[in-house]
Amino acid sequence: MKEFYEPMLYLSTPDHPNTMGALVGLKEPVDGDILRGVVEELRARFPYYYVRAAAKENDLVPVPNPLHMTVRNSWDPINLNSEESNYHLAAWKYEGKRLAFEISHSLTDGAGMLPYIKSALYLYLSRKTGKNFDSTGFRLPGDDIPTSETGNPFATLDIDSAEAPLYSKAATTDFYHINAEAEKDPRVTYIRLSEAQLMQYCKDFDGSPNTFFSVMFARAARRYDPMSEKT
């Protein structure tokens, strides 16, 4: 897709899929047929989301994917860039009154995904209710796609000229591991805290929630293994 900015698709791996999504709740059950039609209709306005990964030399690049983007009546997870997603890097799903859109974070971020979600809801509700809504601010099929939307946002950024930081902290290699052999009954413990009480505690001691949780976990690890010499 030479006319569009090519993101680095190899940022995603099986261990770190790097995906994101948005969930929407409606007042009535989702009409899957209308949603499927809307999703395919939006291909003309958001072609850079209707792509698949293709090998190009030693890189992965997005190329147009003519197959339908999947719209599933299921809340089960899906593997993007696979046969079940028609090799798309995005997919829709719905169940009852809720629907969701999932996409590879390599293609976009929240700011880029929101106009797509808004346009999909605009078309869906227009078809569902038969009403004509004000289209101002929505990106709809037939509109021109501006260069500012598809170009490289970092084209003028000279990364090579950036100065190295004065100090770089060495990576921590001696971090703490729970002793799997000693823990005969491993489990997950959920702790619910009052937000108001936590924030008041942080204010009283001039701290932050991040510091609070760091200290809490450190003290928990120390009680779990008081003989450890790790800092």
Side-chain angles (χ1 to χ4, degrees), residues 1-13 16-26 30 34-57 59-72 78 80-82 85-94 99-129 131-162:
M1 302 183 70
K2 295 181 180 179
E3 69 272 30
F4 297 132
Y5 172 56
E6 293 186 348
M8 296 181 292
L9 301 184
Y10 55 80
L11 290 176
S12 297
T13 67
H16 303 282
N18 198 23
T19 59
M20 61 181 297
L23 185 153
V24 179
L26 303 180
V30 177
I34 294 179
L35 182 59
R36 289 185 183 89
V38 166
V39 169
E40 194 57 31
E41 188 176 350
L42 283 174
R43 177 190 294 268
R45 182 58 184 80
F46 297 88
Y48 42 83
Y49 291 159
Y50 293 73
V51 296
R52 63 178 178 84
K56 179 182 179 181
E57 298 176 351
D59 202 356
L60 289 175
V61 298
V63 298
N65 187 344
L67 300 177
H68 289 291
M69 186 181 290
T70 57
V71 180
R72 299 140 35 236
I78 189 173
L80 301 178
N81 190 34
S82 69
S85 67
N86 278 340
Y87 300 100
H88 275 279
L89 301 176
W92 286 83
K93 64 182 179 182
Y94 68 96
L99 55 88
F101 177 65
E102 301 164 292
I103 189 169
S104 169
H105 209 337
S106 300
L107 290 180
T108 189
D109 58 7
M113 181 179 66
L114 185 58
Y116 177 71
I117 299 296
K118 291 171 62 177
S119 298
L121 291 175
Y122 175 91
L123 292 178
Y124 176 85
L125 294 175
S126 297
R127 308 288 187 273
K128 179 70 174 178
T129 64
K131 298 180 179 180
N132 294 320
F133 301 107
D134 183 2
S135 62
T136 303
F138 294 95
R139 302 176 183 179
L140 302 176
D143 295 345
D144 292 332
I145 304 177
T147 304
S148 60
E149 183 180 324
T150 61
N152 181 358
F154 312 110
T156 60
L157 186 63
D158 187 2
I159 299 178
D160 294 333
S161 65

Looking only at non-hydrogen atoms, find the nearest pair between [X] and [Y] and report the distance.
X      : Y      : result
Ile103 : Met113 : CG2-SD, 4.0 Å
Pro64  : Pro66  : O-CD, 3.7 Å
Pro115 : Gly112 : CD-O, 3.4 Å
Arg45  : Pro146 : NH2-CD, 4.0 Å

TODO: Name the orientation class of the two ring planes belonging to Tyr116 and Trp92 (parallel below 30°, tilted from 30 to 60°, perpendicular beyond 60°).
DONE: tilted

Non-neighbouring partners of [X] that pass side-chain contact (heavy atoms from CB on, under 4.5 Å), sequence neighbours left out:
X      : result
Asp160 : Asp158
Ala91  : Thr70, Arg72, Ile78, Leu80
Asn65  : Arg52, Leu67, Tyr87, His88

Roughly how far, to the nearest 0.5 Å, is the [atom2] atom of [Y] from the [atom1] atom of [X]?
X     : Y      : atom1 : atom2 : result
Leu35 : Lys93  : CG    : NZ    : 13.0 Å
Leu89 : Ser106 : CG    : OG    : 8.0 Å
Thr19 : Leu107 : OG1   : CG    : 11.5 Å
Met69 : Arg43  : CE    : CZ    : 7.0 Å
Tyr49 : Thr108 : OH    : OG1   : 3.0 Å

Open item on the list: Within the structure provided, determine whether Ser119 and Leu42 are in side-chain contact (heavy-atom separation under 4.5 Å).
Closed with: yes

Open item on the list: Counting C-beta onward and ignoring hydrogens, is there a side-chain heavy-atom pair between Tyr122 and Ser135 closer than 4.5 Å?
Closed with: yes

TODO: Begin with the C-alpha distance, continue with both residues' side-chain angles, and end with the deciding distance and a verdict on side chain to side chain contact (heavy atoms under 4.5 Å, CB included) for Lys128 and Ile34.
DONE: CA-CA 7 Å; Lys128 179 70 174 178; Ile34 294 179; 4.1 Å; yes

List, one per line, each side-chain donor-acceptor pair under 3.5 Å for residues 136-145, sequence neighbours excluded.
| unit_1 | atom_1 | unit_2 | atom_2 | d |
| --- | --- | --- | --- | --- |
| Thr136 | OG1 | Asp134 | OD1 | 2.8 |
| Asp143 | OD2 | Leu140 | N | 2.9 |

Open item on the list: Once ring-ring contact (aromatic ring centres under 6.0 Å, His included) is applied, do any residues pair with Tyr94, and if so which ones, sequence neighbours excluded?
Closed with: none

Task: Residues forming a salt bridge (charged side-chain N to carboxylate O under 4.0 Å, His left out) with Glu41, sequence neighbours excluded - done: Arg127

TODO: Pick out which of Phe101, Tyr124, Tyr50 makes a side chain to side chain contact (heavy atoms under 4.5 Å, CB included) with Val39.
DONE: Tyr50

